[in-house]
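Can you keep this structure in mind? I'll have questions shortly.
Heavy-atom basis, side chains included; hydrogens, waters and symmetry copies ignored.
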Amino acid sequence: MPVGPEWPVTVLPNGGGKSWLGKGITDLLELDEATLPEKHARIVRATRSGEPDHDVEGARRAIEKWAYPRAWLDFETIAFAVPRWIGTRPYQQVPFQFSVHVEEADGAITHHEFLSLNGADPRRSCAEALMAAIPVDATVIAYNAPFEKGVLRELSALFPEMQDALLDMAHRTVDLLPVTRNHWYHRDQRGSWSIKAVLPTMTSLDYSDLEVKDGTGAQEAYLEAIRPDTSDERRTFLGDGLTKYCAQDTWAMVAMARFLSAAA
DNA sequence: CTTGAGATTTAACCCGTCAC
DNA sequence: GTGACGGGTTAAATCTCAAG
């Protein structure tokens with residue numbers, strides 16, 4: 001049952017890619033289900049009833065198209081307003097960490113990770129680690145894939161010897177976000193399909209016990225870790241938090257995909 | 001701040017009608 | 001023929017959200 005705030009909601013978040021705000025609608029439950037397009041009606045329905053909207057078959061059909069091996073990938077990046085490394089632009093998303101869970105057709109899963117905390121330009125070692133971790137025939141899966149694709153394209157443009165492989169990786173990247181958005185809604189999401197909002201409605205996985213809880217926290221930890229006056233002990237501690245967080249993000253995608261495909 | 005997708009809003013345009 | 005006024009379609013601009 002609900003783990004969120006009291007119902008009914010009186011403040012409606014933007015939901016379903018649709019803005020109800022700014023139209024004088026302050027209570028989602030006042031909307032007339034019959035007049036809404038199905039895309040919005042299912043959100044109102046799930047909110048009224050507390051019964052999640054779950055199209056298992058639709059989700060299964062979408063996910064089963066992704067050929068094995070599957071590489072569930074997540075980057076952590078840093079973006080400096082004033083570029084820190086030669087050849088980077090202001091606000092360019094530079095990856096200093098990634099996690100990837102590689103899933104074989106038989107269900108076997110191996111985990112690979114990369115983390116740079118020495119303060120040097122992490123891009124070459126990151127690209128090399130990607131090449132080593134992700135099989136050339138893998139379907140790469142990310143949550144809000146345009147972000148991961150963008151990082152991959154940036155890396156590909158930088159290293160001619162890895163250009164084809166990295167570009168190919170970007171082309172093989174698919175997105176779990178629309179699958180979730182189209183086939184699942186729980187009212188505790190309150191209009192959000194971010195991984196942090198969705199995950200607790202499907203599983204008991206939780207970010208609250210982690211040292212690093214979100215992307216912003218990861219960036220803060222990274223910045224502290226690369227400072228010269230940060231002790232080795234502290235750096236190790238920060239790195240440990242980063243590793244756990246990033247690994248949780250990719251594991252969360254695996255868990256979500258399994259949940260989405262599982263019978264109700 | 002970035003990018004991309006998708007939804008929404010605004011602007012532009014075409015066409016028929018009607019009064020002058 | 002011309003100008004004002006719809007109504008309906010379409011294109012372009014704007015907004016939101018996801019990721020970090």
Problem set entry | Whole angstrom value for the distance that separates C1' of C:dC17 from CD1 of A:Ile43 |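 Answer to the nearest Å: 13 Å.
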Problem set entry | Side-chain ion pair, A:Arg227 and A:Glu224, N-O less than 4.0 Å |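 Judged by the 4.0 Å cut-off on N to carboxylate O distance, A:Arg227 and A:Glu224 do not form a salt bridge.
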Problem set entry | Inter- and intrachain pairs under ring-ring contact (aromatic ring centres under 6.0 Å, His included), touching residues 223-242 of chain A, at least two apart |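 Residue pairs with at least one partner in residues 223-242 of chain A: there are none.
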Exercise. Would A:Arg123 and A:Glu154 pass as an ion pair if we require N to O under 4.0 Å?
Worked result: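 No, no charged N to carboxylate O under 4.0 Å.
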Problem set entry | Whole-Å distance separating the CG atom of A:Asp249 from the C1' atom of C:dA18 |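 A:Asp249 atom CG is separated from C:dA18 atom C1' by 13 Å.
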Exercise. What integer distance in Å separates A:Phe80:CZ from C:dG20:C1'?
Worked result: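 Whole-Å distance recorded here is 13 Å.
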Exercise. Under 4.0 Å: is that the gap between some side-chain N or O of A:Ser192 and OP1 or OP2 of C:dA18?
Worked result: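 Answer yes for this pair, as a side-chain N or O of A:Ser192 is under 4.0 Å from OP1 or OP2.
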Problem set entry | Atom-to-atom span, CG of A:Asp175 to P of B:dT3 - whole angstrom |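 So the two atoms are 18 Å apart, to the nearest Å.
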Problem set entry | Rounded distance in Å - CG (A:Leu199) to C1' (C:dA18) |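 The distance from CG of A:Leu199 to C1' of C:dA18 comes to 16 Å, rounded to the nearest Å.
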Problem set entry | Spacing of A:Arg181 atom CZ relative to C:dT16 atom P, expressed in whole Å |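 Result: 15 Å.
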Exercise. Restricting to pairs with a member in residues 210-219 of chain A, which pass side-chain hydrogen bond (donor to acceptor under 3.5 Å, both in side chains), not counting sequence neighbours?
Worked result: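 Residue pairs passing side-chain hydrogen bond (donor to acceptor under 3.5 Å, both in side chains), neighbours aside: none found.
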For this session: Ignoring hydrogens and angles, state whether a donor on the side chain of A:Tyr68 or A:Asp106 is under 3.5 Å from an acceptor on the partner side chain.
Result: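 Distance-only check fails for A:Tyr68 and A:Asp106.
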Exercise. Applying side-chain hydrogen bond (donor to acceptor under 3.5 Å, both in side chains), which residue pairs with at least one partner in residues 75-85 of chain A are found, sequence neighbours left out?
Worked result: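 Of all non-adjacent pairs touching residues 75-85 of chain A, those that pass side-chain hydrogen bond (donor to acceptor under 3.5 Å, both in side chains) are A:Thr77-A:Gln93.
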Exercise. Whole-Å distance between C:dA19 P and A:Ile78 CD1?
Worked result: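 It is 17 Å, rounded to the nearest whole Å.
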Problem set entry | Heavy-atom pair of closest approach, residues A:Trp72 and A:Ala257 |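 What the structure gives for the nearest pair is CH2-CB, 3.4 Å.
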Exercise. Got a sec, which residues hit ring-ring contact (aromatic ring centres under 6.0 Å, His included) with A:Phe147, two or more places apart in sequence or on another chain?
Worked result: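 ring-ring contact (aromatic ring centres under 6.0 Å, His included) list for A:Phe147, sorted by chain: empty.
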Problem set entry | CG on A:Asp175 to CH2 on A:Trp66, rounded to 0.5 Å |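 Atom-to-atom, A:Trp66:CH2 and A:Asp175:CG are 7.5 Å apart.
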Exercise. Who pairs with A:His112 by ring-ring contact (aromatic ring centres under 6.0 Å, His included), at least two apart in sequence or on another chain?
Worked result: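 With neighbours one apart ignored, the set is empty.
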For this session: Pull out every residue in residues 139-157 of chain A that has a heavy atom closer than 4.0 Å to any atom of DNA chain B, ordered by number, or say none.
Result: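 Heavy-atom cutoff 4.0 Å gives A:Pro146, A:Arg153.
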Problem set entry | Between C:dA19 (C1') and A:Met253 (CE): distance, integer Å |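 After rounding, the gap between these two atoms is 11 Å.
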Return a table of donor-acceptor pairs under 3.5 angstrom between the side chains of residues 135-145 of chain A and protein atoms on other chains or two or more places apart.
residue: A:Thr139; atom: OG1; partner: A:Ala67; partner atom: N; Å: 3.4
residue: A:Thr139; atom: OG1; partner: A:Ala67; partner atom: O; Å: 2.8
residue: A:Tyr143; atom: OH; partner: A:Trp193; partner atom: O; Å: 2.7

For this session: Using five base pairs at each end, measure the axis-to-axis angle across the helix from B:dC1-C:dG20 to B:dC20-C:dG1 and round it to 10 degrees.
Result: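 Helix axis angle between the two ends: 20°.
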Problem set entry | Neighbours of DNA chain B within residues 86-99 of chain A, by heavy-atom distance under 4.0 Å |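 Contacts with DNA chain B under 4.0 Å: A:Tyr91.
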Exercise. Got a sec, which hydrophobics cluster with A:Leu238, joining ILVMFWY side chains under 4.5 Å apart, including via others?
Worked result: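 Grouped by the 4.5 Å side-chain rule, A:Leu238 forms a cluster of one, so the answer is none.
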Problem set entry | Which residues share a ring-ring contact (aromatic ring centres under 6.0 Å, His included) with A:His171, sequence neighbours left out |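 In terms of ring-ring contact (aromatic ring centres under 6.0 Å, His included), with neighbours along the sequence ignored, A:His171 is linked to no residue.
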Exercise. Base, sugar-phosphate alone, or nothing: which one does A:Asp214 contact when heavy atoms must sit under 4.0 Å apart?
Worked result: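 Answer is nothing: A:Asp214 stays at 4.0 Å or more from every strand.
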Exercise. In terms of ring plane angle, is the pair A:Trp184 and A:Phe259 parallel, tilted or perpendicular, where the classes change at 30° and 60°?
Worked result: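 If you compare the ring of A:Trp184 with that of A:Phe259, the planes turn out perpendicular.
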Exercise. For A:Ile195, which contact category applies under a 4.0 Å heavy-atom criterion: base, sugar-phosphate, or nothing?
Worked result: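 The answer is sugar-phosphate, as A:Ile195 gets under 4.0 Å only of primed atoms, P, OP1 or OP2.
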Exercise. Of the residues in residues 114-130 of chain A, which ones touch DNA chain B at a heavy-atom distance under 4.0 Å?
Worked result: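 Correct list: empty, so none.
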